[in-house]
Amino acid sequence: MITEADVLKALSNVDDPDFGKDIVTLNMVKDVKVEGKQVSFTVELTTPACPMKDMIHKACINAIKIFIDKEAEVTVNMTARVVGARNADGSEVLPKVKNIIAVGSGKGGVGKSTVSTNLAIALAKDGAKVGLMDADIYGPSAPLMFGVQGERPMMRDVDGKGYIEPIERFGVKMMSIGLLVDEKQAVIWRGPMATSALKQFITDVYWGELDYLIIDLPPGTGDVHLTLVQTIPITGAVIVTTPQNIAMADAKKAMMMFKNANISVPIVGVVENMAYFTPAELPDNKYYIFGQDGGKSLADQFEVPFLGEVPLVQSIREGADRGFPAVLNDEPVSLNAFTEIARKVARNIAMRNANLDPTKVVTIGL
């Protein structure tokens, strides 16, 4: 007779490669049921975007057949529960948002908004609850990339208080100043007005329960960035750069801002955008127009993960322009690039939460 204890003992031979421990010790095995030779159980991953999902699934089946009975009929249900670093910080701001990920570059024009948008949608496609806050007050591009120009968010009442309802598209809740002002008008505001608008996006927008809130930062290291770290605890930051030295010089400044002792936001990784050009008619060719391996060398220099390369292909530009981001297309080059980056981000966030204390809101003047 197969027992629940037998099942757990066998599964203790299956390790999660990210955490270096077996899935039983990590309390990932749930709802074990045994009826004769029929064995079923659930494996609860730390993120629905886990890139090791298939490998763990196969290892579980093999463990039961090898250590218990080769004729056992094994059913493995794979689920996920995103763990947040913010669950323990007691923050009253965005209490239902588990992880806040800032996407910065230090420099404009490197595709930070493109990466933010496709990252958010890729995480949502993998089953996560995702929001995108377009914090680029002076140059909001999220409404165009999501294809919602001209739409206006609604209001909703929550416990007697009025909140702005984000626009939801492609499974992502999105908020941008571009949804509140005429797209033909420039946002001509001094710093305090811009930071006040950002605070409203945090406190007066009903984000609800989210596994990940992606924040698309403006270029530089100024008022908006400081207001952000003084208002909410950032779980981690993703840095976007292009391969050339001038872009990396500014990306270094963004990284040093997050690594500043008074801010101390962990760097989740570096994305190299426009890494190479691949013509549609020659999909196997790569032309390194702006240089090669700049993002990887930057990640190595700061000893942070390298998340991957995004190619310079026409479909990515076209997707952004027509409000249907590239990660939604079947074109394999861009689809695979953004999907792999999103899964690495989810994986690194899970590891960050397991190994580091929650980020604290900056309380000193900067």
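No donor-acceptor distance shorter than 3.5 angstrom exists from the side chain of W207 to the backbone of K96, with no hydrogens or angles considered. Side-chain atoms of D6 never come within 3.5 Å of backbone atoms of I2 as a donor-acceptor pair (strictly under, hydrogens ignored).
No continuous path of ILVMFWY side-chain contacts below 4.5 Å connects I341 to L312, so the two sit in separate hydrophobic clusters. Linking Ile, Leu, Val, Met, Phe, Trp and Tyr residues whenever their side-chain heavy atoms come within less than 4.5 Å places V148 and V205 in a single cluster.
Counting non-hydrogen atoms of other residues, nucleotides and ligands closer than 6.0 Å to NZ of K30 gives a total above 12. The number of heavy-atom neighbours closer than 6.0 Å to NZ of K129, taken from other residues, nucleotides and ligands shown, is 12 or below.
Distance check, rounded to the nearest 0.5 Å: CD of E73 to OG of S40 gives 11.0 Å. To the nearest 0.5 Å, atoms CD1 (I215) and OG (S116) are separated by 10.0 Å. For the atom pair OH (Y276) and CG (D293), the distance works out to 11.5 Å, reported to the nearest 0.5 Å. Separation of atoms OG1 (T231) and CG (L228) is listed at 6.5 Å; rounding is to 0.5 Å. F146 CZ to F324 CZ: the interatomic distance, rounded to the nearest 0.5 Å, is 12.0 Å. Atom OG1 in T117 sits 12.0 Å away from atom CZ in R169 (nearest 0.5 Å).
Between A275 and Y288, the shortest heavy-atom distance links the atoms O-CD2, 3.4 Å. In plain terms, the two heavy atoms of L123 and I214 that are nearest each other are CD1-CD1, 4.1 Å. The heavy-atom pair separating V82 from K98 by the smallest distance is O-NZ, 3.0 Å. Taking all atoms of both residues into account, the shortest heavy-atom contact from I64 to V7 is CD1-CG1, 3.9 Å. When all heavy atoms are compared, the tightest approach of P219 to H225 is O-CE1, 3.5 Å.
Between K112 and the options D216, D250, D134, a salt bridge (Lys or Arg N to Asp or Glu O under 4.0 Å) holds for only D216. Applying the salt bridge (Lys or Arg N to Asp or Glu O under 4.0 Å) test between D18 and each of K344, K53, R343, R347 identifies R347 as the sole match.
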Donor-acceptor contacts under 3.5 Å from residues 192-200 side chains, at least two apart:
from, atom 1, to, atom 2, distance (Å)
T195, OG1, G191, O, 3.2
T195, OG1, P192, O, 3.0

Using atom types as modelled, flag every donor-acceptor pair under 3.5 Å from a side chain in residues 239-247 to any protein atom, sequence neighbours excluded.
from, atom 1, to, atom 2, distance (Å)
T242, OG1, Q244, OE1, 2.8

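Side-chain atoms of T79 and E44 form no donor-acceptor pair, as typed in the model, at a separation below 3.5 Å. In summary, the side chains of R352 and T359 do present a donor paired with an acceptor at a separation below 3.5 Å, with no hydrogens or angles considered. Side chains of T47 and Y212: a donor on one and an acceptor on the other come within 3.5 Å. A donor-acceptor contact under 3.5 angstrom links the side chains of D22 and T25, judged on distance only. Using modelled atom types, one finds a donor on one side chain and an acceptor on the other under 3.5 Å when comparing E331 with S334. With hydrogens and angles left out, the side-chain atoms of Y287 and N285 include a donor and acceptor closer than 3.5 Å.
Here the side chains of V270 and M255 are in contact, with some heavy-atom distance below 4.5 Å. Under the 4.5 Å side-chain criterion, counting only non-hydrogen atoms from C-beta, N99 is in contact with N353.
Here D300 pairs with K296 in a salt bridge; the nearest charged N to carboxylate O distance falls below 4.0 Å. Here D69 does not pair with K65 in a salt bridge; the nearest charged N to carboxylate O distance is not below 4.0 Å. A salt bridge is absent between K21 and D15: the closest approach of a Lys/Arg side-chain nitrogen to an acidic carboxylate oxygen does not fall below 4.0 angstrom. We find that R156 and E165 are joined by a salt bridge, their nearest charged nitrogen and carboxylate oxygen being less than 4.0 Å apart.
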Practice task
List the steps, then state whether salt bridge (charged side-chain N to carboxylate O under 4.0 Å, His left out) holds for K161 with D157.
Solution key: CA-CA 5 Å; K161 179 181 176 180; D157 184 273; over 6 Å; no

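For F290 and F277, the gap between ring centers reaches or exceeds 6.0 Å.
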